[in-house]
Amino acid sequence: MDVKLVNRGSEGELLLSGDLDTRTAGDADMLFAQLADRFEALTLNMQNMNYISSAGLRTIRNLYIRLNKKGGKLRITNVNDNVMEVFEMTGLAGLLNLRGN
């Protein structure tokens, strides 16, 4: 998975591409933790995400919890149909602020 950060002051947008799976989840979790400390709000732009596994879902849930504890916000945008289906099957779609393509 590749991540590009767009810094907008107190808000950040992460442009995600590739796969968020068991292989990439550990690094993503560490990066997300650092960014949750740095920004009040984060947007995950998943326009170029191909796949997400349960390990990837865990990293996003962890990010949501970190931001929520400090009163921050997490938005997820441009979710393709395949990735949205995984969010919906696990029930995370109802918890998170998701927007499809």
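Here, residue 1 is the first one in the sequence, and each next residue gets the next number.
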* Can you hop from Leu20 to Met30 via hydrophobic side chains spaced under 4.5 Å? -> no

* Structure fact -> For Met1 and Asp19, the nearest pair of non-hydrogen atoms, with its separation, is CB-O, 3.1 Å

* Asked: Which value, rounded to the nearest 0.5 Å, describes the distance between Ser54 atom OG and Arg61 atom CZ?
  -> 10.5 Å

* Approximate separation, where rounding is to 0.5 Å, of Leu42 CG and Leu74 CG -> 7.0 Å

* Spell out, as yes or no, whether a donor-acceptor pair under 3.5 Å connects the side chain of Asn80 to the backbone of Gln47. => no

* Hey, does Glu85 have a side-chain heavy atom less than 4.5 Å from the side chain of Val83? -> no

* Asked: Should the pair Lys73-Glu40 be classified as a salt bridge under the 4.0 Å nitrogen-to-oxygen rule?
  -> no

* **Pairwise distance OG1(Thr90) to CD1(Ile60) - rounded to 0.5 angstrom** => 9.5 Å

* Report yes if the side chains of Asn48 and Leu15 come closer than 4.5 Å at any heavy-atom pair, otherwise no. => no

* To do: Could you pull out the closest heavy-atom pair between Val86 and Leu57, with the gap in Å?
  => CG1-CD1, 3.6 Å

* Asked: For Ala25 and Thr59, which heavy atoms make the closest approach, and how far apart are they?
  -> O-CG2, 3.3 Å

* Hey, does Leu44 have a side-chain heavy atom less than 4.5 Å from the side chain of Leu63? -> yes

* To do: Tell me, with the steps shown, if Leu67 and Phe32 meet side chain to side chain contact (heavy atoms under 4.5 Å, CB included).
  => CA-CA 10 Å; Leu67 286 169; Phe32 291 171; over 6 Å; no

* To do: Inspect the contact between Glu11 and Arg75 and indicate whether a charged nitrogen and a carboxylate oxygen are less than 4.0 angstrom apart.
  => yes

* Asp29 and Arg66 ion-paired at < 4.0 Å -> yes

* To do: List the steps and the verdict of side chain to side chain contact (heavy atoms under 4.5 Å, CB included) for Asn7 and Phe39.
  => CA-CA 9 Å; Asn7 186 339; Phe39 293 100; 3.6 Å; yes

* Report, as yes or no, whether the 6.0 Å neighbourhood of atom NZ on Lys69 holds more than 12 heavy atoms from other residues, nucleotides or ligands. => no

* After noting the C-alpha distance and the side-chain angles of Leu16 and Asp2, does the key distance pass the side chain to side chain contact (heavy atoms under 4.5 Å, CB included) rule? -> CA-CA 6 Å; Leu16 307 178; Asp2 290 320; over 6 Å; no

* **CA sep, side-chain torsions, deciding dist, call: Phe87, Met46, side chain to side chain contact (heavy atoms under 4.5 Å, CB included)** => CA-CA 12 Å; Phe87 278 110; Met46 296 189 161; 4.1 Å; yes

* Can any side-chain N or O of Ser53 pair as donor or acceptor with the backbone N or O of Ala55 at less than 3.5 Å? -> yes

* Side-chain heavy-atom pair Leu14, Lys4 within 4.5 angstrom cut-off -> no

* Asked: Between Thr24 and Asp21, do the side chains contain an N or O donor and an N or O acceptor separated by less than 3.5 Å?
  -> yes

* Asked: Closest approach of Leu5 and Gly12, non-hydrogen atoms and distance?
  -> CD1-CA, 4.3 Å

